[in-house]
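Below is one structure, written out as structure tokens; comments come after it.
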Amino acid sequence: MDARAPKGTVDMLPGTARAWEFMTKTAQDLFGRYGFEPIYTPLFEHTEVFTRGIGEATDIVSKEMYTFEDRSGRSLTLRPEGTAGVVRAALEHGLAAQGSSAKLYYAGPMFRYERPQKGRMRQFWQIGAEVLGAAEPSTDAEIITLLVRFFESVGIPLDRMTLLLNSMGDEACRPAYRERVRQFILQKGAELCEECNRRADTNPLRAFDCKNPECVAVMADAPLLRDSLCDECAEHYESVKRHLDLVGIAYVEAPRLVRGLDYYTRTVFEVQVTHGLGSQNAIGGGGRYDRLMQEYGGPPTPGLGFALGFERTLLALEAAGVDVGAAPRTDVYVAAVDADVRPAAFVTAARLRDAGMAASLDHQARSLKSQFKQADRLGARLVVVIGPDELASGQVTIRNMDTKDETRAAVDDVVVAVRSRLG
RNA sequence: GUGGGCGUAGCUCAGUUGGUUAGAGCGUCGGACUGUGGCUCCGAAGGUCGCGGGUUCGAGUCCCGUUGCCCACCCCA
């Protein structure tokens, strides 16, 4: 068989896995301080959860989903993002029912059928946070702050990230604006690429996302939503900015920032970095989705959240020269001189571990010399040597690997002796 | 879906105009007078040269196909 992982997936070997754990722990601690609680939702959902939530016309739904039928003929889809499932779960369990609110975070893999490249995988990991049942602009500022603080906490220098901010309007002002953009595109049709022309009817705002230089140039003259926000949206947006100012979170207004999921309303944001991501630039992003719960048939429930990518965050950290997650270091290595004393070494290591120390030993009857090499490689500060001599006198030898001092201790006292020597 | 680059030991790579037993560094294992590490020295193990065809007396080296990886487009985390 082919031992290689499927295209677009990777094994997270210990070095990467440690970074994953570091990021997860950082999030658990930080998000907890902001009042968020963990939630785990299924890795797959009924396909409709995503098609209705994310939007039929989006790239994700139209060409990137892992959709399959189970043995009963249900259409299921591996989650391409985390928000839809969390909102669905909140609806199912009434987590934000009747005016209550919920603050939830999750971490885990997402799946999108794409051509892999730097910072882009078919299975990729995200941490996300969602607030359901909160409409106030201070909530937007709070969750944006959390996102920025997370990146700071793991070690991305502030001067390497940019927070982009925009408002997408709501059902009161977006439809009219959308129509204006559509008209604009139709008018400029000849100057825009084929894809953008197609977008005119399906999702005109996405034309702002086109990287084609000519399209970018043309779209630069397109009407901006900022100039046609309804009063409520404009007010909300201003308030979000004021709250960010209050806590000193720097942002750059990006009136053309349009994110790839249809459920966003009002606030959208994205954190970009300049180094390490190849042709990608966003390490995290999110926004408000005040109509998503209704889309699922639930009561009107405002919501907002963000997601950040593990892989991209790690790339940004590496580019910034941040060393994440050192390998665990062995405190003490237990060396056996010959086969007769190996049971004693085995027991000694077990006792040291039971007492809370990190102990290692050889199981392959290697020479004493190679056991020392191993001890050195593992970074052991002490080596407990057990041999015929020691056993005869009921003692063990304890060598300090840094100073090379060797002392003896009674076998029965080895735990205490090692602990005191470890300081 | 489209385009470009690349696939040689566990890892990073060399392999001359096609020519005999495919190399190096690192890593691993063993050894350098009797039970002791980091440096040094010696030695060993380890390779279907991605896979399949073809050209040739002969191919890791050339041609075709295929597959995988990487990077980019698209879009996003």
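Letters A, B, ... are given to chains in the order of the sequence lines, protein chains preceding strands, and every chain is numbered from 1.
Using cut-offs of 30° and 60° on the angle between ring planes, the pair Tyr66(A) and Phe111(A) is perpendicular. Taking the six-membered ring where the residue is Trp, Phe150(A) and Phe31(A) present perpendicular rings, their angle passing 60° and hence far from 30°.
Side-chain atoms of Arg381(A) do not come within 3.5 Å of backbone N or O of Val332(A) as any donor-acceptor pair. Distance alone, capped at 3.5 Å, is enough to place a donor-acceptor pair between the Arg312(A) side chain and the Ala282(A) backbone. In this structure, the side chain of Ser370(A) does not engage the main chain of Arg366(A) through any donor-acceptor pair within 3.5 Å.
Of the two residues near RNA chain B, Leu277(A) and Ala5(A), the one whose nearest nucleotide lies more 5' is Ala5(A). Annotation: of the two residues near RNA chain B, Glu81(A) and Arg4(A), the 5′-most nearest-nucleotide partner is Arg4(A).
Computed from coordinates, the Trp20(A) CH2 to A77(B) P distance equals 16 Å when rounded to whole Å. One can place CG of Asn281(A) at 12 Å from P of A72(B), the figure rounded to the nearest angstrom. Atom NZ in Lys7(A) sits roughly 17 Å away from atom P in G7(B) (whole-Å rounding). For Gln117(A) and G68(B), the CD to P distance is 17 Å, given to the nearest whole Å. Rounded to a whole Å, the CZ atom of Arg115(A) is 7 Å from the P atom of G1(B). Between the CE atom of Met121(A) and the P atom of C76(B) there is a distance of 19 Å, given to the nearest Å. We find that OH of Tyr113(A) is positioned 20 Å from P of A77(B), with the value rounded to whole Å. If you take NZ of Lys118(A) and C1' of G5(B), they are 15 Å apart, rounded to a whole angstrom.
Note on Ala375(A): nothing from the nucleic acid sits closer than 4.0 angstrom, heavy atoms only. Contact annotation for Gln280(A): base contact, defined as any heavy-atom pair under 4.0 Å involving a base atom. Note on Arg112(A): a base of the nucleic acid sits closer than 4.0 angstrom, heavy atoms only. Within the 4.0 angstrom heavy-atom criterion, base atoms lie near Gly119(A).
Applying the 3.5 Å distance criterion, the base of A77(B) shares a donor-acceptor pair with the side chain of Glu114(A).
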Show me, pair by pair, the donor-acceptor contacts under 3.5 angstrom made by side chains of residues 154-168 of chain A, not counting sequence neighbours?
residue   : atom : partner   : partner atom : Å
Arg160(A) : NH1  : Ala319(A) : O            : 3.1
Asn166(A) : ND2  : Ala254(A) : O            : 3.4
Asn166(A) : ND2  : Pro255(A) : O            : 3.3
Asn166(A) : ND2  : Leu257(A) : O            : 3.0
Ser167(A) : OG   : Gly169(A) : N            : 3.3

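A donor-acceptor contact closer than 3.5 angstrom is absent between the side chains of His236(A) and Asp170(A).
Remark: Phe22(A) CZ is packed, more than 12 non-hydrogen atoms of other residues, nucleotides or ligands lying under 6.0 Å away.
Here Phe124(A) lies parallel enough and close enough to stack on the base of A77(B), with planes under 30° and ring centres under 5.5 Å apart.
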Please tabulate, one pair per line, each protein N/O and nucleotide N/O from nucleotides 10-13 of chain B that are separated by under 3.5 Å, including the distance.
none

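Nucleotide A72(B) is matched to U2(B) when pairs are restricted to Watson-Crick or G-U wobble geometry with both distances under 3.5 angstrom.
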Reading 5' to 3' through nucleotides 31-37 of chain B, protein heavy-atom contacts under 4.0 Å coded B for base, S for sugar-phosphate only, - for none = S---BBB
